[in-house]
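Shown next, in structure tokens, is the structure this report addresses.
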Amino acid sequence: MPFSENIRRLQPSATLAVSALAKQLTAQGKDIIDLSAGEPDFDTPSWIAEAGVDAIRKGQTRYTPAAGTPKLRKAIAAELSARWGREVDWQAVVVSNGAKHSLFNACFCLFGPGDEVLVDSPYWTSYPEMVTLSRAEPVFVTGSEDRGFRVTPEDLERAATPRTRGLLFSSPNNPTGSVYSREELESMARWAKERGIWLISDEIYRPIYFGNDGPAPSVLDLPADAVGSFVLVDGVSKAFAMTGWRIGFTLSPPDLAKKMEAFQSHTTSNPSTPAQEAAWAAYTHREEAEAEIRRMREAFRRRKELVTRLFDEKLPGFSYVKPEGAFYLFFRVDGLFGGENRKGSEGVCTWFLEKAGVALVPGSAFGDDRYVRLSFATSDALLEEAVERMARAVESS
Ligand code: PMP
Ligand code: GLU
């Protein structure tokens, strides 16, 4: 029996597939260093975890309103108001099962057949699938390689058509680690506003920024007249090492929030109730939260320094995008292409897995087959060992 048109082009998530394979090989006793998983290697801070455990003990184990508890939505709105300098209506915030869910809700509620959505490329692997599942068409826009692939309004203008309805991007970017400056963000936002299209700003990696001591620029930092209709996507996964708790949120115009709430009420209902309590603790204990974020940011900054130094020393033939945020190194591997088993980035990843026991994600999953993504969200010792092994494999090739 055929499957539906809805999923005709659907592929499984490559990021999740590689990390599942790495776990499976490790369980079989193979010595694998897994640099595929895009998740912090830290545990959830104990005071946040305690809030979740406490909620379970207190019997907060029932349904909540579909868009999340008013208490959590108000806490998020308060934090966004403080950052934005204007009052955020708590009903403009919808809490979902991770930022991935938030992004899907936004795409599904905003786009449909006949619509085109500009996707900043290299892109996080799920973006095109989310647009396609909404029966719209992703249109990829790439900035020049020497500016970390960041797009300009001119790049966007070239790709836009009368059917363009939105622009989807992450900054800091997964997989490149590039970060749009405030000025660049403002020019993109102004372009989207002039075009009358939706700006979907995925800011999940905002706290992990190496440019200064604070977070990366956000749409909320822009002058009010620069920004038209936008959806901001964020969550606790990366900021608080809470990937498994599954809490993300959107800030959007209230009428869109209502639609996304209705959609969610028919598809998943509310995100996990104890997880919402844990997220509430994270968003209401500002000082403790800031301290945790600072600690993790510093660890990622140190690892970024380490991994780029190791690459420069031991794999000097491999160029990479200079990571300014997030925890990925996106490096070029087309110099290795050749022979039977090193065809394209997938072939190179399989080769590194077999020869070096290092799991990486092929750039083809992010829209650039010349590259491979390495996650440096792991210990310094494992990073050193991984680069050493990769260098040995390259030497003997
Ligand atoms: N956006 C980007 C760019 C990501 O890398 C991730 C990581 N999975 C997400 C969104 C989703 O995060 P989560 O669903 O865990 O909140
Ligand atoms: N965002 C992470 C990654 O890109 C987690 C896996 C996923 O959800 O895609 O690897």
Side-chain angles (χ1 to χ4, degrees), residues 10-23 34-42 44 68 72 76 94-107 119-131 149 167-180 200-209 216 218 231-251 264 268 271-272 275-276 278-279 282-283 300 323-330 349 359-368 371-378:
L10 184 65
Q11 294 295 324
S13 159
T15 45
L16 296 181
V18 181
S19 48
L21 174 65
K23 286 191 178 80
D34 184 6
L35 305 184
S36 69
E39 64 178 334
D41 55 322
F42 304 109
T44 301
L72 175 58
I76 295 169
V94 173
V95 182
S96 303
N97 296 279
K100 190 181 271 187
H101 186 204
S102 304
L103 282 158
F104 180 71
N105 285 349
C107 288
V119 177
D120 183 11
S121 176
Y123 47 77
W124 179 42
T125 191
S126 293
Y127 289 170
E129 297 288 356
M130 289 175 183
V131 172
F149 296 105
L167 165 61
L168 177 50
F169 70 101
S170 63
S171 178
N173 177 284
N174 178 3
T176 63
S178 274
V179 176
Y180 284 98
I200 304 186
S201 181
D202 179 349
E203 303 189 1
I204 192 90
Y205 293 102
R206 196 179 75 95
I208 308 169
Y209 178 51
S218 157
V231 182
L232 180 152
V233 179
D234 203 341
V236 295
S237 283
K238 318 287 167 168
F240 299 107
M242 291 177 72
T243 47
W245 294 79
R246 312 306 305 131
I247 297 289
F249 68 82
T250 45
L251 167 66
Q264 191 158 294
T268 60
S272 153
Q276 289 191 64
Y283 286 120
F300 288 129
E324 300 169 307
F327 36 66
Y328 304 111
L329 188 77
F330 202 52
C349 285
L360 304 158
V361 185
S364 54
F366 308 106
D368 196 328
Y371 279 78
V372 159
R373 189 192 80 175
L374 173 156
S375 162
F376 53 82
T378 192

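For ligands, and for the atoms within them, numbers begin at 1 and follow the listed sequence.
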Starting from [atom], which protein heavy atom do you reach first, and at what distance in Å?
atom                   : result
atom 1 (N) of ligand 2 : Lys238 NZ, 3.2 Å
atom 9 (C) of ligand 1 : Trp124 CH2, 3.4 Å
atom 8 (O) of ligand 2 : Lys100 NZ, 2.9 Å
atom 2 (C) of ligand 1 : Asp202 OD2, 3.3 Å
atom 7 (C) of ligand 2 : Thr15 OG1, 3.5 Å
atom 6 (C) of ligand 2 : Leu16 CD2, 3.5 Å

- Is the closest heavy atom of Phe327 to ligand 2 under 4.0 Å?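 No; Phe327 lies far enough from ligand 2 that no heavy-atom distance drops under 4.0 Å.
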- Message: Less than 4.0 Å is my threshold; does some heavy atom of Glu39 fall inside it relative to ligand 2?
- Response: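 Per 4.0 Å heavy-atom rule, Glu39 does not contact ligand 2.
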Please confirm whether [X] comes within less than 3.5 Å of ligand 2 when only nitrogen or oxygen atoms on both sides are compared.
X      : result
Thr125 : no
Gly38  : yes
Arg373 : yes

Nearest-0.5 Å distance, [atom1] of residue [X] to [atom2] of residue [Y]:
X      : Y      : atom1 : atom2 : answer
Ser13  : Trp124 : OG    : CH2   : 7.0 Å
Thr176 : Leu329 : OG1   : CG    : 10.5 Å
Leu251 : Ser102 : CG    : OG    : 11.5 Å
Asp202 : Leu103 : CG    : CG    : 5.0 Å
His101 : Ser96  : NE2   : OG    : 5.0 Å
Ile76  : Thr250 : CD1   : OG1   : 9.0 Å

- Pick one of side chain, backbone, both or neither for how Phe366 approaches ligand 2, counting any non-hydrogen atom pair under 4.0 Å.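 No part of Phe366 is near ligand 2 at this cut-off.
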- Message: Using a 4.0 Å heavy-atom cut-off, which part of Asn174 comes near ligand 2: side chain, backbone, both, or neither?
- Response: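 Within the 4.0 Å criterion, Asn174 contacts ligand 2 through side-chain atoms alone.
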Has [X] got any heavy atom lying under 4.0 angstrom from an atom of ligand 1?
X      : value
Arg246 : yes
Lys238 : yes
Ala99  : yes

- Message: List ligand 2 atoms under 4.0 Å from Tyr205, heavy atoms only on the residue side.
- Response: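 So the atoms of ligand 2 that pass are 1 (N).
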Are the side chains of [X] and [Y] in touch, meaning some heavy atoms are under 4.5 Å apart?
X      : Y      : value
Thr125 : Gln11  : no
Arg246 : Ser237 : yes
Tyr127 : Ser170 : yes
Cys107 : Leu168 : yes
Phe149 : Ser178 : no

Please check whether [X] reaches ligand 1 - meaning an N/O of the residue sits under 3.5 Å from an N/O of the ligand, judged on distance alone.
X      : value
Ser237 : yes
Tyr127 : no
Asn174 : yes
Ser170 : no

- Item | Residue from Tyr180, Phe169, Phe300, Phe327 passing ring pair (Phe, Tyr, Trp, His ring centres under 6.0 Å) with Tyr205 |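 Among Tyr180, Phe169, Phe300, Phe327, the one that satisfies the ring pair (Phe, Tyr, Trp, His ring centres under 6.0 Å) with Tyr205 is Phe327.
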- Task: May I ask you to list the atoms of ligand 1 that are less than 4.0 angstrom from any heavy atom of Gly98?
- Result: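 So the answer, numbered in order with elements, is 14 (O), 16 (O).
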- Query: What are the atoms of ligand 1, with element, lying closer than 4.0 Å to any heavy atom of Lys100?
  - Reply: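 This gives 11 (C), 13 (P), 14 (O) as the contact atoms.
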- Under the 3.5 angstrom rule, does the side chain of Gln276 hit a backbone N or O of Pro271 as a donor-acceptor pair?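 Yes.
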